Asker: 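Could you have a look at this structure, given as structure tokens, before my questions?
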Amino acid sequence: MAVAPRVLEAVVPAESGRLGGVRAWWEQEHVFGYGLILPALLLLVCLVAYPFGMAIYLSLSDSWVGSPGHFVGFANYRELLGNEVFRQTVRNSFVFTGLALTLKTVLGTWLALLLARNLRFKRLIRGAVLLPFVIPTALSTLGWWWMFDSLYGVVSWTAIRLRLIDPPGPNWLGESVYAMAAVITVNVWRGLPFFAITVLAGLVAVPPEYYEAAEVDGASAWGRFRYVTLPLLRPVLAVVILFSTIFTFSDFNIVYVLTRGGPINTTHLFATLAYQVGLTGGNLGQGAAISLFLFPMLGAVVFLQLRYIRRE
Amino acid sequence: MSPRLDRRQFLKSTAGATAGLAWLASHRAPAFAQKRELTFLSWNHFVPASDDELRRQAAVFGKDAGVAVRVDTIAHLQLPARYAAEAQAQSGHDLIFSGGATPFLYEQMLADVGDIVDEFGKKFGGWYPFAAETAQTKSGWRAIPWFWVSFPGTYNQAHFRAAGLEPPKTWAELLRDGKILKKMGHPVGIAISHCNDAHTTYWSVAWSYGAKVVEADSKTPAINSDRTAQVIEWYKELYRDAMEPEVLSWDDAGNNRFILSGKGSWIHNPISPYNYALANKLPIADDLNHHRSLAGPAGIHSAPPILGLGIWKFSKNQQVAREFVRFLFRKDNFADWVVASNGFNHPPLRSLADHPIWSQNPKLAMLPGEAEFAHPRGWPGRPTDAVQRIDINFVMADMLAKAVNGMAVKRAMEWAQDQIAAALKGQLRAG
């Protein structure tokens, strides 16, 4: 150990003058610390803060693609609130997010409980469960789009063969209720692995002694789940639901590929409508306003959830 | 010990590197002395062989004219944003593919090409009527109509024969025949969904019934009318008695699948299903045939895609761009390009349309004549950005879907009128 100082001296020769001064300044804790977070901060400013500020500015202007636009205050927001398609989109987003999230929470927890058991090929099954999450959404949704085809799709064909429905079967992507059911189904299919795997991680962390104690006390399987598993899973579930709310509210791919917001705009979500109005339609101001409507809503969700998690 | 550079070593090595770079530079011509380059921005053609032929011709022209011609093709949905960026930056390509509202949106930024339009008109038997409607602004011609894509009726003649029917000539006959064909298990199909075909058909039917979407001033909504009510009633009856609910969920390929599957008896579409059946040797190719656009009480009208060529005013190669356009419109070159597209590209000039690729096949012979009925969207007004927005927001498709799903016709029209008024609000200045 006594060699160490000499080795250091050899590698870092003594510095004198200005360079030494800069080095001393840099090595102060408060300078060095900020220096380390500076790259991340720059990235955040360039890739998050600037586009966000730009979006706010655009939403308050009458900008069109190719023309700069003028400040118009809240005119875009007022117009949107008066527009039936937008109001329909708000309703769609709540129905879509509410139902998809409930299904993902229930089914995801259920799947996690199944995966937690000691099965044969456990690793293989756990890997396979992740597949929907791994495949690019646009591709897997194309597969679903084909399956939901009312004439040639495998969904209707199977249901008819199993005598669950009468031919010709429902028009999956052409009728409002069925189309919403279809986009929710695909969203649940895609989001389930995220829920299952995260909840599984929470389950594995539950000490087995609690279950043993509950069993000794004569708790049934439901009782063990209700009074041991669920309370201990609550923090994990809160985080998963928080993330999933954000992802589900701002979903784009699934609706864009399956229905493009149709039939009669009954599956439009904020992101798809904003894209249609702002980018393909060229009305940048209104497109930005639509996408910013998401912000206060998600902000409120995040605030409530984080407060809950902190309390837990 | 890590090697450290002292000042002298640093100077030595940088001087060496500079000398090396200078030597390299002296052996390569500087950029400004290189051959001139003409750049052309176009779409990714739906028949890729057409773009291959375009590039071949560009290379031949480049060799003859001593310029390098670069043809950049991108997805057609990305073109509007690209135009906006180039116009904003006042730099980019020299020549652009123009569609829909482009000549009117960029009236101030595109060069006047009236001289070329006159020259081609005289040389090739005159332009079809839609040429002026799509490219002539108040201040002059801002694009040269390049080609259009025909939108005839495509029918399965075996089904029509089995029902003892001739192909229809009017939209009313289509409704009458469709009812019979549906009872035989072979319905007809027009998309009423969020896809482009839905609107192509709507514009065509509406014009044929004398209905309008916007007034000729391109500023006043005009959909709430008795004529439109008539069109919606026609759609409702067709939907109920001659079509299947699947038309509510079609994308642009939905009707192709419908007729190629053998189930459908009639669709409104370009000739792509027939071409697909031929290319893949499907037996149904024998049964597929085409007929002229259908008539209504106000005559025959059609809303096919009509595309053009525009030259940016900021381009430093305007003269070369004009020469290149002249080269593309040489009779032999235009014919080769049409053949490469397998008849998909239709010339907007009468004598160029007289080509064996159509006239030798009785199933395609009527296609060039379809040009007589073609108008750009927004007609009798101009194809402005607001018209583009009406199309992109699928206003008419939604109006029809509401009506066939039970909403009162009057209410559906009022809803559409509101949406159109919103699209027209804040409209860019139209030419």
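Atoms considered below: every heavy atom in the structure, side chains included; atoms not considered: hydrogens, waters and symmetry mates. In what follows, every chain begins at residue 1, and chains take the letters A, B, ... in the order their sequences are listed. Owing to the predicted nature of the structure, the values given are computational and were not obtained by experimental measurement.
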Asker: Side chain, backbone, both or neither: which part of A:Gln286 has an atom under 4.5 Å from a heavy atom of chain B?
Answerer: neither
Asker: Within this structure, what is the NE2-CD distance for the pair B:His194 and A:Gln276, rounded to the nearest 0.5 Å?
Answerer: 6.5 Å
Asker: Are B:Arg257 and A:Asp149 side-chain neighbours, meaning at least one heavy-atom pair lies under 4.5 Å?
Answerer: yes
Asker: When rounded to the nearest 0.5 angstrom, what distance separates OH in A:Tyr275 from CD1 in B:Ile392?
Answerer: 9.5 Å
Asker: Which bit of B:Phe258 comes within less than 4.5 Å of chain A, counting heavy atoms only: side chain, backbone, both or neither?
Answerer: both
Asker: Atom CD of A:Gln88 and atom CG of B:Asp398: how far apart are they, to the nearest 0.5 Å?
Answerer: 9.5 Å
Asker: Taking side chain as everything from C-beta outward and backbone as N, CA, C, O, which of these in B:Asn405 sits under 4.5 Å from a heavy atom of chain A? Side chain, backbone, both or neither.
Answerer: side chain
Asker: Measure distances from A:Asn171 to the heavy atoms of chain B and classify the residue's part below 4.5 Å as side chain, backbone, both or neither.
Answerer: side chain
Asker: Measure the spacing between OG of B:Ser249 and OH of A:Tyr178 and express it to the nearest 0.5 Å.
Answerer: 13.0 Å
Asker: Would you call A:Glu84-B:Arg411 a salt bridge at under 4.0 Å N-O?
Answerer: no
Asker: Taking only residues two or more places apart in sequence, or in another chain, which ones meet A:Ile56 in a side chain to side chain contact (heavy atoms under 4.5 Å, CB included)?
Answerer: A:Phe52, A:Leu60, A:Leu292
Asker: Below 4.5 Å, heavy-atom pairs only: which of B:Ser193, B:Gly254, B:Ser261, B:Cys195 has the largest tally toward chain A?
Answerer: B:Ser261
Asker: With a sphere of 6.0 Å drawn around CH2 of A:Trp25, does it hold more than 12 non-hydrogen atoms of other residues, nucleotides or ligands?
Answerer: no
Asker: A:Trp145 versus chain B, heavy atoms under 4.5 Å apart: side chain, backbone, both or neither?
Answerer: side chain
Asker: Quick check for you: to the nearest 0.5 Å, what is the distance between B:Leu400 atom CG and A:Ile264 atom CD1?
Answerer: 10.0 Å
Asker: Taking the basic N atoms (NZ, or NE/NH1/NH2) and the acidic carboxylate oxygens, is any pair closer than 4.0 Å for B:Asp251 and A:Arg260?
Answerer: no
Asker: With a 4.5 angstrom heavy-atom cut-off, is it the side chain or the backbone of B:Glu246 that approaches chain A, or both, or neither?
Answerer: both
Asker: Pick one of side chain, backbone, both or neither for B:Glu86, based on which atoms fall under 4.5 Å of a heavy atom in chain A.
Answerer: neither
Asker: Taking everything shown except A:Tyr77 itself, do over 12 heavy atoms lie less than 6.0 Å from its OH?
Answerer: yes
Asker: Tell me, for B:Trp250 versus chain A, whether the close heavy atoms (under 4.5 Å) come from the side chain, the backbone, both or neither.
Answerer: neither
Asker: The test is side chain to side chain contact (heavy atoms under 4.5 Å, CB included); show your working for B:Phe394 and A:Val85 and say whether it passes.
Answerer: CA-CA 11 Å; B:Phe394 304 108; A:Val85 175; over 6 Å; no
